[in-house]
Amino acid sequence: MDEDVKKLKQRLPLLDYLRQQHWTARPAGHGSEFVGLCPLHPETRPSFYVNASKNLFYCHGCGQGGDLLRFVQLSRHLSFRQSLAYLQQQSAPPADPAAVLEQAAIFYQQQLDRYPEALHYLKQRGLHDPASIQDLRIGYAPGASLRRHLTAKGYSLDLLRRLGLLNPQGCDTFYRRVVFPCCQGGRIVNFYGRSIGAAFAHRFLPGSRGGLYAWEQVRQCPEVILVEGLFDYAVLWQAGFRHLTCSLGTYLNTSQFRQLCDRRRTVYLTFDVDANGSGQQASQRLAYRLQAHGIATRRVLLPEGHDPNSFFVQGGDARQFQSLLEVAQP
Ligand SMILES: [Zn+2]
């Protein structure tokens, strides 16, 4: 509660609030002091002072003084709680989903360095380069903290629930997950959260995931490497490969498929080579579909039991991966 009040007062300074209420004032000598007619009692000579740097008011006429919340209580005849709710509504930022997701991404990024278990997990998955982690805006959702952060910024629980950042019970949806933002047209549309604990491994927010991951960056490339998972993407990015995209699973949806076919290009299909062959079957099926649309395909054959992520984790390097690309089968 104290923290909420503190953040609210930072977000909506007393002087700004008074001016929104059409209070007019003139500087009262010192830089941060202002004086005007008291909104709380009738008067003809100004005796209501606001100290903008202290964020406090005092009226020499009626003797009332205090902070923004006190002012709202007095002027609107509300309780403390009602005043807080009123001001939170007054100062709520516009409910633009992309702006909220952007705030969530910044928050997740800030958490990453505070949780050694998250950095340890990234290291285990072969990600150790801080610049690459920064490039991809990888973050960490510890759970039970995003809600507080975003509501203190003025976003309503209802909006956060609608975006899926909070579950229907009002708790953080992502709990102990490494988080990747998924963008479309330069705006975040979803998050992928990889559990580092016992929970189900892969999770997205409800709603669209956008098309192919980071497609805007590669759509002009005549050759594109397609991987199925974001950790595959991340290790290849770290190894210096840039003509990369990710389908977030082996099945491409209609818009992803359309993106791959929007010009002549060669697609290097780099799906998992798992023991039951399902990754390779998916890869084969996709190759036929793409070829039917005039797209050249190459199937990159990783060693048995590997995906690009495990290939790099177990010591593979950029040069070795490059040779796999060169011998990839049409
Ligand atoms: Zn007064």
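For the single chain, residues carry numbers from 1 onward in sequence order. Just so you know, ligand 1 is whichever comes first in the structure, and atom 1 is the first atom listed for that ligand.
- Taking the charged nitrogens against the carboxylate oxygens, Arg187 and Asp96 do have a contact shorter than 4.0 Å, which makes a salt bridge.
- A salt bridge between Arg162 and Asp158 is present, with a side-chain N of the basic residue lying under 4.0 Å from a carboxylate O of the acidic one.
- Asn51 and Ser53 form a side-chain donor-acceptor contact under 3.5 Å, judged by distance and modelled atom types alone.
- Note on the Zn ion (ligand 1): protein N/O/S atoms under 2.8 Å are Cys38 SG, His41 ND1, Cys59 SG, Cys62 SG.
- Glu33 has no carboxylate O lying under 4.0 Å from a charged side-chain N of Arg26, or vice versa, which leaves the two without a salt bridge.
- When only modelled atom types and interatomic distance are considered, Tyr288 and Gln284 share a side-chain donor-acceptor pair under 3.5 Å.
- Only one option out of Phe204, Tyr108, Phe180 pairs with Phe191 in a ring-ring contact (aromatic ring centres under 6.0 Å, His included); it is Tyr108.
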